[in-house]
> 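The structure is given below, and queries will be raised subsequently.
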Amino acid sequence: LSLLDYRTAAHLWAVLGVAALVASVVLLGRSDDRLRPWLGWLVALCVFYTPVAETLVSGQKGTLLLLLFTGTYLLLTRGRLFLAGATFGCVALKPQLLLIVALVMFVKREWRFLAGMAATGILLGALSLLVGWDACTGWLASIADPFPQAKLVGRSHSWLGFAQLLTGEERGPLVLGLTAALIMATGAM
C-alpha cells in the first residue's frame, strides 16, 4: 500500500476491510447450516454495528483480525492444529492478542498449534527484515516507548477517556470516581 498514493491506498484498505468482514461472516455462516439462510442479513447487521462501521471508516485492522480469528477457530474445529497455529501466527501484527492464546495452547500442550505459530513468526520476522534493519529496530523502539495516556486520551473510546475529556483533568479523584461510576452503570445495564 505504501507504493500507492494516500487516497488510493486508503480506498483499497477499506475494500480489503469490507472483504475481510464479509469473508469472516460467510466462513462462520457456512460452518453452521442454521446460519446459511441468514448470511446476507448477518453481513448487513455487522456493517450497522457501530464498532464495525467505525473500524471500516477509520482504517483500522479489526476486520483483518476478525478474519484471522475466524480462520483459526474453523481450523481448530476441524483438527488442523498446525494450520490453525500458522494462521493465528499472523495475529503478530497485534502481538498483545497472541499472548493469552499462546499461553493456553502451551498449557494444553498443543505443540502442533505452537509449531504453526512459530513457523509463521519466523517467516514474518524474515520478511520484515526485507524492509530493512532500521525499520525493524525503529518499530521495536516505538513499542518500548509508547505514547503517554495524555496523548492517546482524545482517541481512546473508553469511560476513562470520556471522563478525562469531560473534566479536563488527566487523573485525580473526580476522573477515577466518574470512570468507576460509568463502568458500574455499564455493568449494571
Side-chain angles (χ1 to χ4, degrees), residues 1-4 8-132 135-136 139-140 142-144 146 156-158:
L1 292 175
S2 66
L3 299 175
L4 302 173
T8 304
H11 288 142
L12 180 57
W13 183 251
V15 167
L16 291 172
V18 171
L21 174 67
V22 170
S24 298
V25 172
V26 168
L27 285 171
L28 280 174
R30 286 190 175 174
S31 72
D32 187 338
D33 290 337
R34 297 170 297 172
L35 294 176
R36 284 185 186 166
W38 301 97
L39 284 178
W41 283 102
L42 292 172
V43 171
L45 290 173
C46 285
V47 172
F48 289 113
Y49 182 56
T50 303
V52 172
E54 184 175 334
T55 292
L56 293 172
V57 299
S58 66
Q60 298 298 311
K61 55 193 159 290
T63 55
L64 174 62
L65 289 166
L66 176 64
L67 182 58
L68 292 171
F69 282 118
T70 301
T72 301
Y73 166 74
L74 293 174
L75 288 165
L76 282 171
T77 61
R78 290 172 174 85
R80 311 282 307 266
L81 294 175
F82 183 84
L83 286 175
T87 301
F88 191 71
C90 293
V91 175
L93 65 106
K94 196 83 166 164
Q96 64 270 32
L97 299 179
L98 284 173
L99 299 176
I100 297 297
V101 173
L103 180 62
V104 167
M105 292 307 211
F106 179 77
V107 169
K108 290 181 68 170
R109 296 185 172 103
E110 295 290 355
W111 307 123
R112 290 183 295 162
F113 184 91
L114 293 169
M117 274 183 67
T120 298
I122 290 167
L123 179 64
L124 291 175
L127 287 173
S128 66
L129 288 175
L130 291 175
V131 176
C136 293
W139 180 78
L140 290 172
S142 72
I143 63 170
S156 67
H157 300 281
S158 67

> So which atom in F82 and which in A119 form the shortest heavy-atom distance, rounded to 0.1 Å?
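Smallest interatomic distance, heavy atoms only, reads CZ-CB, 4.1 Å.
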> Given T87, which of L67, L74, L68 fulfils the side chain to side chain contact (heavy atoms under 4.5 Å, CB included) condition?
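Passing option: L68.
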> If every non-hydrogen atom of F113 is compared with every non-hydrogen atom of M105, which pair is closest and at what distance?
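In this case the closest contact between F113 and M105 is CD2-CG, 3.4 Å.
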> Do L64 and L93 have side chains that approach each other closer than 4.5 Å (heavy atoms only, starting at C-beta)?
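The answer is yes; the side chains approach within 4.5 Å.
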> Angle between ring planes, F69 versus F88, binned at 30° and 60°: parallel, tilted or perpendicular?
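Tilted.
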> How close do M117 and A102 get, heavy atom to heavy atom, and via which atoms?
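In terms of heavy atoms, the two residues are closest at CE-CB, 3.8 Å.
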> Let's go through L21 and L66 carefully: what are the C-alpha distance in whole Å and the side-chain angles of both, what is the deciding distance for side chain to side chain contact (heavy atoms under 4.5 Å, CB included) to 0.1 Å, and is it a yes or a no?
CA-CA 7 Å; L21 174 67; L66 176 64; 4.0 Å; yes
> Could you give the distance from CG (L127) to CD1 (I122), rounded to the nearest 0.5 Å?
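CD1 of I122 is found 12.0 Å from CG of L127.
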> Minimum heavy-atom separation for G89 and T120, please, with both atom names.
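Closest pair (atom of G89, atom of T120, distance): C-CG2, 3.5 Å.
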> Give a yes or no on this: more than 12 heavy atoms of other residues, nucleotides or ligands lie within 6.0 Å of atom CD1 of I100.
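Not buried by this count: 12 neighbours or fewer within 6.0 Å.
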> State, to 0.1 Å, how close L124 and A92 come at their nearest heavy-atom pair, and which atoms those are.
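The answer is CD1-CB, 4.1 Å.
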